[in-house]
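Note sheet for the following structure.
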Amino acid sequence: MFIQLNNNQYRISRNMLIRLRTDGVVNHRNVVVAKVLTFKCGNDLIYDDGNNWLALGKVIGSFVDVGCLCCKFKRRKGYKRTYGYRNVITMVCFTKIIRL
């Protein structure tokens, strides 16, 4: 199944956990709804433009992903630079596909 969420496309299999980058607003009780682009029903492969089918997902957990955090500074000068990033990663399990 291919889904689109926040202008990003993801390829997932049935009941597979995926990692989504979020802004920290999603809590553990929300259900994530994504547009379904392509999915398999039996032996048929169904293509859709993302307007008629939605995927419902359950949020499993979240954690902070840290990539290459480093700090440069000069003593007694007040110069300090921080390079790198922190991303909030949310684990989502998609369970159902519904039609509008």
Side-chain angles (χ1 to χ4, degrees):
M1 173 170 61
F2 287 93
I3 63 170
Q4 181 178 0
L5 183 64
N6 296 336
N7 294 328
N8 295 324
Q9 293 179 356
Y10 300 95
R11 179 180 179 236
I12 59 174
S13 62
R14 185 180 299 258
N15 295 331
M16 186 178 91
L17 290 175
I18 63 169
R19 295 171 22 163
L20 301 175
R21 273 187 272 161
T22 59
D23 54 358
V25 180
V26 178
N27 60 15
H28 295 288
R29 298 180 185 173
N30 286 347
V31 173
V32 177
V33 177
K35 295 179 184 177
V36 177
L37 302 176
T38 303
F39 66 96
K40 192 172 185 179
C41 182
N43 291 331
D44 298 330
L45 189 62
I46 299 173
Y47 295 98
D48 190 37
D49 59 355
N51 295 328
N52 296 331
W53 296 89
L54 296 176
L56 299 179
K58 182 179 179 184
V59 176
I60 304 298
S62 64
F63 61 93
V64 175
D65 182 26
V66 178
C68 300
L69 275 182
C70 25
C71 183
K72 291 170 60 172
F73 72 97
K74 294 180 182 177
R75 63 181 187 162
R76 299 188 191 111
K77 306 291 184 192
Y79 176 80
K80 185 176 180 181
R81 288 279 175 122
T82 304
Y83 297 102
Y85 60 90
R86 289 187 179 97
N87 285 332
V88 177
I89 303 292
T90 303
M91 300 294 289
V92 177
C93 178
F94 286 95
T95 55
K96 292 183 181 179
I97 300 175
I98 60 171
R99 186 174 185 154
L100 295 178

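These figures come from a predicted structure and were not determined experimentally. Just so you know, these numbers use all the heavy atoms, side chains as well, and skip hydrogens, waters and symmetry mates.
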*asked:* Test of understanding: with side chain to side chain contact (heavy atoms under 4.5 Å, CB included), list the residues that count as partners of Cys71, not counting sequence neighbours.
replied: Lys80, Thr82
*Where is the tightest heavy-atom contact between Val59 and Thr90, given as atom of each residue plus distance?*
CG1-CG2, 3.6 Å
_For Tyr79, I'd like to know if atom OH has over 12 heavy atoms of other residues, nucleotides or ligands within 6.0 Å._
yes
*What heavy-atom pair brings Lys35 and Leu54 nearest, and what distance separates the two atoms?*
CA-CD2, 4.3 Å
_Interatomic spacing from CZ in Arg11 to CD in Gln9 - rounded to 0.5 Å_ = 13.0 Å
*How long is the gap from CE on Met91 to CD1 on Ile18, to the nearest 0.5 Å?*
9.0 Å
